[in-house]
Amino acid sequence: MTMLDELEFRNLQLDQHGPLAVLTVTRPKALNALNSDTLSEIAQAVDLVIENPEVGALIVTGGGDRAFVAGADISELAELGDVYAGREAALAGQDVMHQISSLPIPVIAAVNGFALGGGLELALACDVRVASPQAKLGLPEVTLGLIPGFGGTQRLSRLIGAGRALDLMLTARQVGAEEALALGLVNYVADDPLTKAREVAEQMVKNAPIALSLVKEAVRRGLDTTLEAGLEVEADLFGMAVATQDFREGTAAFLAKRRAAFKGE
Ligand SMILES: C/C=C/C(=O)SCCNC(=O)CCNC(=O)[C@H](O)C(C)(C)COP(=O)(O)OP(=O)(O)OC[C@H]1O[C@@H](n2cnc3c(N)ncnc32)[C@H](O)[C@@H]1OP(=O)(O)O
């Protein structure tokens, strides 16, 4: 099997540390802005992560010490000529964010600086966000005559509520890490967000992998539906968890007062 960190990309780096994969966007001259090449490299990298059964969690971060990702690449956006090109550009970005948000393994954003526009949308596609004290987060698209197009209008509202999301999108203001924490926009603030993200990921990968994927699926599908339909989804997926070997192992280990050895089966 190919080790993830043996592969070469132009605008990102993919590293593997045991069960953890780390995807680092590396366009420091443009504060890691997402041009179309970088977006397609992210899609390729995520495909490799999905195909590698050794990887139990993914961390996404930005190279350098200034930015997570400062948005979609504005010089490329400026070239968009008509309504169709604009729509295609949004759909292309949305596809990559959807690919990340529907990964069956936990995905953690280590937000080490600016996470603006498409950069915040990338962080929003992850399950959990860890911010450095210097991080600045926002959706400033209206300052460019645009609206968020990589999922921000939908994911930010679902995460922190429509009122708070509208405040951020209509003012275009950037929030610091502590305000982001108070808003529920990030889960943790840490001086070294990558180290903290690793700690959180390590805690997650100790748990039963199929159960992790079912939790993600239940939350994702439930957000798009009524409480009643969401509870049915939960019951169905609970049933699937009961059919796993890991459930037998987890309950047997508890009763025998020993540590569970999950196999993802
Ligand atoms: C669907 C999605 C839509 C979107 O995402 S729209 C884009 C949303 N993002 C933004 O509007 C943020 C744009 N960037 C900024 O406002 C500023 O940057 C910062 C506040 C993040 C930092 O400001 P400072 O410290 O003064 O740095 P600097 O000189 O502006 O940036 C360093 C270099 O990085 C390039 N850059 C920064 N962000 C982007 C970007 N989003 N797209 C393309 N290039 C970007 C700059 O131009 C410059 O480059 P050079 O050194 O060649 O002048």
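The structure presented is a predicted model; accordingly, all values stated were derived computationally and were not measured. In listed order, ligands and their atoms are each counted from 1.
The hydrophobic cluster containing Ile105 also contains Val96, counting ILVMFWY residues as joined when their side-chain heavy atoms lie under 4.5 angstrom apart, directly or transitively.
In terms of protein heavy atoms, atom 11 (O) of ligand 1 is closest to Pro140 CG, 3.6 Å. The nearest heavy-atom contact from the protein to atom 3 (C) of ligand 1 is Glu141 OE2, 3.5 Å. Residue, atom and distance of the protein heavy atom nearest to atom 13 (C) of ligand 1 are Ile74 CD1, 3.7 Å. Of the protein's non-hydrogen atoms, Ala30 O, 3.8 Å is the one closest to atom 45 (C) of ligand 1. Of the protein's heavy atoms, Arg66 NH1, 3.7 Å lies nearest to atom 27 (O) of ligand 1. Given atom 46 (C) of ligand 1, the protein heavy atom at minimum distance is Lys29 O, 4.9 Å. Ranking protein heavy atoms by distance to atom 31 (O) of ligand 1, first place goes to Leu31 CD1, 3.6 Å. Here the heavy atom of the protein found nearest to atom 15 (C) of ligand 1 is Leu116 CD1, 4.7 Å.
In this structure, Phe150 and Ala90 approach most closely via the heavy-atom pair CD2-O, 4.0 Å. The shortest non-hydrogen separation linking Asp246 to Pro209 is OD2-CD, 3.5 Å. For the pair Thr61 and Ala110, the tightest heavy-atom approach, listed with the atom from each and the gap, is OG1-O, 2.9 Å. A pairwise comparison of heavy atoms in Arg155 and His98 identifies NH2-CA, 3.8 Å as the closest pair. In terms of heavy-atom proximity, Leu183 sits nearest to Arg164 at O-NH1, 3.0 Å. Taking all atoms of both residues into account, the shortest heavy-atom contact from Pro193 to Val111 is CG-O, 4.1 Å.
For ligand 1, one of its N or O atoms has an N or O atom of Ala70 under 3.5 Å away. Considering backbone and side-chain atoms together, Gly118 places an N or O closer than 3.5 Å to an N or O of ligand 1. For ligand 1, one of its N or O atoms has an N or O atom of Ala72 under 3.5 Å away. Ligand 1 has no nitrogen or oxygen under 3.5 angstrom from a nitrogen or oxygen of Gln174.
In this structure, atom 43 (C) of ligand 1 is in close contact with the protein, since a protein heavy atom lies within 4.0 Å of it. Checking atom 50 (P) of ligand 1 against the protein gives no heavy-atom contact under 4.0 Å. Counting only heavy atoms, the protein gets under 4.0 Å from atom 9 (N) of ligand 1. For atom 29 (O) of ligand 1, the nearest protein heavy atom lies 4.0 Å or farther away. Distance check on atom 17 (C) of ligand 1: every protein heavy atom falls at or beyond the 4.0 Å cut-off. Proximity of atom 6 (S) of ligand 1 to the protein is indicated by at least one non-hydrogen atom lying closer than 4.0 angstrom.
Residue Gly117 approaches ligand 1 through these ligand atoms, each under 4.0 Å from one of its heavy atoms: 5 (O), 8 (C). Near Gly149, with a cut-off below 4.0 Å to any heavy atom, the atoms of ligand 1 are 1 (C).
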- Message: Could you go through Glu179 and Arg173, starting from their C-alpha distance and side-chain angles, then the distance that decides it, and tell me whether this counts as salt bridge (charged side-chain N to carboxylate O under 4.0 Å, His left out)?
- Response: CA-CA 12 Å; Glu179 185 178 356; Arg173 70 190 177 88; 2.8 Å; yes

Test salt bridge (charged side-chain N to carboxylate O under 4.0 Å, His left out) applied to Arg258 and Glu249, step by step: CA-CA 10 Å; Arg258 63 172 172 82; Glu249 167 63 11; 2.8 Å; yes

* For Asp47 and Gln99, run side chain to side chain donor-acceptor pair (under 3.5 Å): C-alpha distance rounded to whole Å, both residues' side-chain angles, the deciding distance at 0.1 Å, then the answer. => CA-CA 9 Å; Asp47 274 343; Gln99 186 195 11; 3.1 Å; yes

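At a 4.0 Å cut-off, not a single heavy atom of Gly93 sits close enough to ligand 1 to count as contact. At a 4.0 Å cut-off, not a single heavy atom of Thr143 sits close enough to ligand 1 to count as contact.
Around CD of Gln203, the count of heavy atoms belonging to other residues, nucleotides or ligands within 6.0 Å does not exceed 12. Summarising the local packing, CZ of Arg87 is surrounded by 12 or fewer heavy atoms from other residues, nucleotides or ligands at distances under 6.0 Å. A 6.0 Å sphere centred on CG of Asp82 holds more than 12 heavy atoms belonging to other residues, nucleotides or ligands.
Put simply, the side chain of Asp73 never gets that close to the backbone of Ala33: no donor and acceptor are under 3.5 Å apart.
Contacts between Glu121 and ligand 1 below 4.0 angstrom, taking non-hydrogen atoms only, involve the side chain exclusively. When non-hydrogen atoms are compared, ligand 1 lies under 4.0 Å from the side chain of Leu77 (C-beta onward) but not from its backbone.
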